[in-house]
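The structure presented is a predicted model; accordingly, all values stated were derived computationally and were not measured.
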Amino acid sequence: MYFIINHDLMRKIKTHTFIYLPCLFLSLIFCTSIQAQEANLTKNFGIGSQGATPAFGGMSFRYNGLAPIYLQTVGRFILNDQDGDHMLGAGISYAIFEHRGKWNEARLYFTLEGGWRYKTEMDIEKEIVNTTTLAAGVAFGGELVFSLGGIPLGLNISIGQGVGRENSSSQSKGIAGVYVGAGIHAYF
């Protein structure tokens with residue numbers, strides 16, 4: 001037996017799938033958060049992923065034991081044939097507002113961040129170009145920590161101003177601009 005499905009029906013199915021799946025996912029997150037029964041959200045260590053446009057980001061480690069001062073390191077090591085991309089960054093944050101509720105924890109903070117990046121890539125003429133970037137910046141951000149199945153999970157976002165210097169095999173130039181960062185961490 002064969003079924004004939006017209007294109008309008010397929011489009012409706014795809015549309016409903018793209019609408020209902022994210023709603024279902026968010027509902028599951030909030031339901032498991034409510035079922036956590038006042039989980040202890042105040043943990044000293046967090047591990048996750050943190051990134052900032054355009055080039056910095058990687059695995060992240062956070063230390064919250066000095067609250068309202070928070071420390072963070074970010075790093076990555078990528079090696080792909082002749083192309084390599086390595087990054088190491090650090091930041092120190094000061095929370096200007098913190099709220100600890102029954103189901104979540106929220107904070108607003110200012111942060112001072114810095115980073116180093118070393119990139120190796122092949123250019124158009126098949127020559128290897130090494131680029132080193134040093135940058136620092138000041139940002140304002142916020143974090144929301146909630147329990148997901150008993151594990152404290154923190155989502156953060158920040159926006160800031162950064163300056164730095166980029167040195168390559170052929171040139172050296174100053175860089176400056178606005179950057180946006182975001183991350184997710186599991187606390188233990």
Enquirer: One pair to check against side-chain contact (heavy atoms from CB on, under 4.5 Å): Asn156 and Gln50. What are the steps and the verdict?
Expert: CA-CA 9 Å; Asn156 68 52; Gln50 184 77 32; 3.2 Å; yes
Enquirer: Group every Ile, Leu, Val, Met, Phe, Trp and Tyr by side-chain heavy-atom contacts under 4.5 Å, then state whether Phe97 and Leu66 land in the same group.
Expert: yes
Enquirer: What distance do Leu155 atom CG and Ile184 atom CD1 have between them, rounded to the nearest 0.5 Å?
Expert: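 Atom-to-atom, Leu155:CG and Ile184:CD1 are 5.0 Å apart.
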Enquirer: Which atoms form the tightest heavy-atom contact between Ser168 and Thr131, and what is the distance?
Expert: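 Taking Ser168 first and Thr131 second, the nearest heavy atoms are CB-OG1, 3.7 Å.
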Enquirer: Please check if Ile47 and Tyr70 belong to a single hydrophobic cluster, counting links between Ile, Leu, Val, Met, Phe, Trp and Tyr side chain heavy atoms closer than 4.5 Å.
Expert: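 Shared cluster, no.
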Enquirer: Are side-chain N/O atoms of Asn167 and Thr132 paired as donor and acceptor at under 3.5 Å?
Expert: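 No donor-acceptor contact under 3.5 Å links the two side chains.
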Enquirer: Is it the case that Tyr187 and Glu105 place a side-chain donor and acceptor less than 3.5 Å from each other?
Expert: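 Per modelled atom types, Tyr187 and Glu105 side chains form no pair under 3.5 Å.
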Enquirer: Determine whether the aromatic ring centres of Tyr94 and Phe110 lie less than 6.0 Å apart.
Expert: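 No, the ring centres sit 6.0 Å or more apart.
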Enquirer: Drop me the distance from Thr133's OG1 to Trp116's CH2, to the nearest 0.5 angstrom.
Expert: 10.0 Å
Enquirer: Answer yes if Met122 and Val129 sit in the same cluster of Ile, Leu, Val, Met, Phe, Trp and Tyr residues linked by side chain heavy atoms under 4.5 Å apart, and no otherwise.
Expert: no
Enquirer: Over all heavy atoms of both residues, which pair between Ser49 and His185 is shortest? Give the atoms and the distance, please.
Expert: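 Where Ser49 meets His185 most closely, the heavy atoms are O-CE1, 4.1 Å.
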Enquirer: Dump the intermediate steps for ring-ring contact (aromatic ring centres under 6.0 Å, His included) on Tyr63 and Phe45, then the final yes or no.
Expert: CA-CA 5 Å; Tyr63 179 67; Phe45 299 99; 5.3 Å; yes
Enquirer: Should Tyr118 and Leu88 be regarded as members of a common hydrophobic cluster, given that ILVMFWY residues are connected when their side-chain heavy atoms come within less than 4.5 Å of each other, either directly or indirectly?
Expert: yes
Enquirer: Minimum heavy-atom separation for Ser158 to Tyr109, with atom names?
Expert: CB-OH, 4.4 Å
Enquirer: Is there a continuous path of hydrophobic side-chain contacts, each under 4.5 Å between heavy atoms, that joins Leu112 to Ile69?
Expert: yes
Enquirer: Which heavy-atom pair separates Val74 from Gly57 by the least distance, and what is that distance?
Expert: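 Here Val74 and Gly57 meet closest at CG1-C, 3.9 Å.
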Enquirer: Is it true that Arg62 and Glu143 have a side-chain N and a carboxylate O under 4.0 angstrom from each other?
Expert: yes
Enquirer: Would Asn130 and Glu121 count as having a side-chain donor-acceptor pair, cut-off 3.5 Å?
Expert: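 Distance-only check fails for Asn130 and Glu121.
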Enquirer: Would you please test Asn104 and Val145 for side-chain contact (heavy atoms from CB on, under 4.5 Å) and show each step?
Expert: CA-CA 6 Å; Asn104 61 26; Val145 180; over 6 Å; no
Enquirer: Roughly how far, to the nearest 0.5 Å, is CD1 of Ile157 from CG of Leu144?
Expert: 12.0 Å
Enquirer: Give me the atom names and distance for the closest heavy-atom approach of Ile92 to Thr111.
Expert: O-OG1, 3.2 Å
Enquirer: Heavy atoms only: give me the nearest Gly65-Asn44 pair and the separation to one decimal.
Expert: CA-OD1, 3.5 Å
Enquirer: With rounding to the nearest 0.5 angstrom, report the CG to CZ distance, Asp85 to Arg76.
Expert: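 So the CG of Asp85 and the CZ of Arg76 are separated by 4.0 Å.
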Enquirer: For Gln72 and Ser93, does a side-chain donor sit closer than 3.5 Å to a side-chain acceptor?
Expert: no
Enquirer: Evaluate the side-chain proximity of Phe77 to Met59: yes if any heavy-atom separation is below 4.5 Å, no if none is.
Expert: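 No, side chains not in contact.
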Enquirer: Which value, rounded to the nearest 0.5 Å, describes the distance between Phe188 atom CZ and Lys43 atom NZ?
Expert: 10.5 Å
